[in-house]
Amino acid sequence: MSAARPPEVARTSLGARALDRLRAVFGYPEFRGEQAAIIEHVAGGGDALVLMPTGGGKSLCYQIPSLLREGVGVVVSPLIALMQDQVDALAAVGVRAACLNSQLSAAQASAVEARVRAGELDLVYVAPERLLTERCLALLTQSPIALFAIDEAHCVSQWGHDFRPEYAMLSVLHERFPTAPRIALTATADPATRAEIVTALALDDAQVFVSSFDRPNITYRIVDRGEARRQLVDFIAQRHAGSSGIVYCLSRAKVEQVAAHLNDAGVRALPYHAGMANAERADNQQRFLREDGLVMVATIAFGMGIDKPDVRFVAHLDMPRSIEGYYQETGRAGRDGEPAEAWMAYGLSDVVQQRRMIEQSEASEAHRRVSGAKLDAMLGLAETAGCRRARLLAYFGEEHPADWRCGNCDNCLEPPATFDATVEVQKLLSCIYRTGQRFGAQYLVNVLRGKGDERIGRFGHDRLGVFGVGADVDERQWRAVIRQCIAMDLLDVDFEAFGALRLAPAARPVLRGEQEVHLRRIAAKPARSRRKGREAAGEHPVDDATASLAPADAALFEQLRAWRLEVSRERGVPPYVVFHDRTLRAIAQARPADAQALATIPGLGEKKRADWGEALLRIVAAAQ
């Protein structure tokens, strides 16, 4: 049986102990947001559902209660490839942690099991597949259990982008260990997914903690796609030269092609997709986590749970299938709280391709309907002329006043022009109707612009009254009009007719002149700069880690980073496990002269000060 719940402790005493653990172990002076309330509730024996954005400090919400309660905290995580890095990060601050997964030998697994039974671990990470085996459940029954933490809890949702069938079976924890508190955590859950988590995990009595989904340090940008690979190279060179980033593509072939293109352009890039050999894929992931300045080009097979804090950008060359997917993927940028960017190049083909995939799916009608609604929401985010952050947050139930602006998305920083597009839309709708509702976007644009060809001549569409009626509008703007009409449900895409555009019922009042249509006017196509890197962006790339430092402090910061790299290589861990850039930057600016001053630096707990305090003080003293 699991350990009996410890005697109730006065809340103030529990809160004081939690704060003491935060400062002594992790080196942070205060809790953020809802952390203190969550930790008190769980440490006191209560169940919780926690919704908190990536980088908001979810892990502390189960790590500290595990340190406060008797027994081992069991963390259910789907991320076998990343468990060891999480264990290494805990070991660096003096927390006794281990993982149980298929990558361990039989002898290694037996040794971890013995430590669990003996109560010699603070935390153990277990994949859901392993947890559900009778061997593992028997092990936990024989062991003192502090709590169960179910990470990435959105994986329970069959409508979600990361569905894992094993998660739906985790209600067994409530049945087998009724006295052990459970905490389910996720950064991605709309109201329907939250309800599904509660039902599937039997968390009916759990207290729900919902933090703001806002990531104010991330700038959201969505651009009209032209030459996507050139646009990506320019974006990286001009804004994020030498920084770590992730580029998402829909297909494996595109991943390989884009990675090769970036390397040819002088950007160090690695591919990652499910079609690669396991060893190569794992090696690329480890390199990305442990080296600075690498770009990972990947399908969505990569990324869930990535702890690398200094990812400065996430780029999409294909539109995600849902806002949940977009939020989850873009949330891998800027986990350290420093400025980061989410950039997407988007075009009409994304809409057609994604809707075709939904329509041709073998999923049930209900699943296709839900998928279609999620895609419509994503399309609305891509096409909005308003604040993108407001639209994103509203999807998760976080409403703001209609005139609210975040000031850190492309539409707020550079408000797009809108115009009365009623006449243009009427021309488009008429063209679709007059040509029989049988043709795709490119054909219709050619007819509207009066660009005759053999096919148009064969059908006689060069003799229609709509031929050439839109010659004063360029092709890019016409395609933008089409995208926005689809987003406004004025047009449907007929996949059985190879993506032909058809009039939706909502088009009728527009054609009759009974309804005006206002659309976003796309910006003029920018001229390609011949300058690259720092020259194109000014003195510093957008996320230059030293840009805000005085020259002498910047030099010390680079010395500290070089020392950190040596230590990380000696210990075989990623540099951020040793120290985050934010901690090194604080040291470079404060220049502590003794152990007492060093203790005031955020991110320097007792274990790290004991391990590396003297070395840090020597580096600072030598730079005086």
Side-chain angles (χ1 to χ4, degrees), residues 13-33 35-36 38-40 42-43 55-69 72-73 75 83-99 120-125 146-147 149 307-310 335-338 557 560-561 563-568 570-620:
S13 172
L14 195 55
R17 290 169 58 209
L19 185 58
D20 177 68
R21 293 294 83 201
L22 176 74
R23 291 170 175 171
V25 177
F26 298 97
Y28 298 114
E30 302 293 339
F31 288 112
R32 291 186 290 161
Q35 283 179 328
I38 296 167
I39 289 167
E40 247 186 73
V42 176
K58 290 190 297 296
S59 58
L60 288 175
C61 295
Y62 59 79
Q63 289 169 348
I64 290 182
S66 294
L67 298 177
L68 295 175
R69 292 177 61 84
V72 61
V75 185
M83 285 182 185
Q84 191 57 52
D85 282 336
Q86 294 165 332
V87 167
D88 288 340
L90 287 168
V93 296
V95 175
R96 302 173 302 170
C99 54
E120 295 176 356
L121 289 176
D122 301 309
L123 287 151
V124 62
Y125 288 77
L147 59 83
D307 287 332
K308 188 175 176 66
D310 57 349
R335 289 174 60 97
D336 54 6
E338 298 296 309
F557 173 70
L560 291 167
R561 278 169 52 112
W563 167 84
R564 178 185 65 180
L565 183 59
E566 290 181 11
V567 172
S568 70
E570 289 172 2
R571 298 209 173 192
V573 297
Y576 61 81
V577 167
V578 182
F579 290 114
H580 285 197
D581 274 358
R582 176 179 291 182
T583 299
L584 298 186
R585 193 179 293 110
I587 293 171
Q589 291 177 306
R591 295 179 177 250
D594 53 36
Q596 185 176 358
L598 201 62
T600 66
I601 302 295
L604 268 172
E606 292 176 352
K607 177 71 161 54
K608 289 192 174 183
R609 293 201 304 273
D611 285 350
W612 297 309
E614 290 185 6
L616 291 171
L617 292 173
R618 282 198 301 270
I619 296 170
V620 171

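By convention here, the first residue in the shown sequence is residue 1.
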**OP:** Looking only at non-hydrogen atoms, find the nearest pair between C61 and I38 and report the distance.
**Re:** CB-CG2, 3.8 Å
Original post:
Of all heavy-atom pairs between H580 and R564, which one has the smallest distance, and what is that distance?
Top reply: C-NH1, 3.7 Å
**OP:** Using the six-membered ring of Y576, assess whether NZ or CZ of K308 lies under 6.0 Å from its centre and within 45 degrees of the ring axis.
**Re:** no
Subject >> Row check, F557 ring normal vs R585 NZ/CZ: under 6.0 Å, within 45° >> reply: yes
Donor-acceptor contact below 3.5 Å, side chain [X] vs main chain [Y]:
{"X": "T583", "Y": "P602", "answer": "yes"}
{"X": "R335", "Y": "P309", "answer": "no"}
{"X": "R21", "Y": "I64", "answer": "no"}
{"X": "K608", "Y": "A92", "answer": "no"}
{"X": "R582", "Y": "D336", "answer": "yes"}
{"X": "R609", "Y": "L604", "answer": "yes"}
{"X": "Q35", "Y": "G57", "answer": "yes"}

Original post:
Roughly how far, to the nearest 0.5 Å, is CG of L123 from OG of S59?
Top reply: 10.0 Å
**OP:** Any chance you could measure R96, atom CZ, to L67, atom CG, to the nearest 0.5 Å?
**Re:** 9.0 Å
**OP:** May I ask you to say whether R23 pairs ionically with E606, meaning some side-chain N is under 4.0 Å from a carboxylate O?
**Re:** no
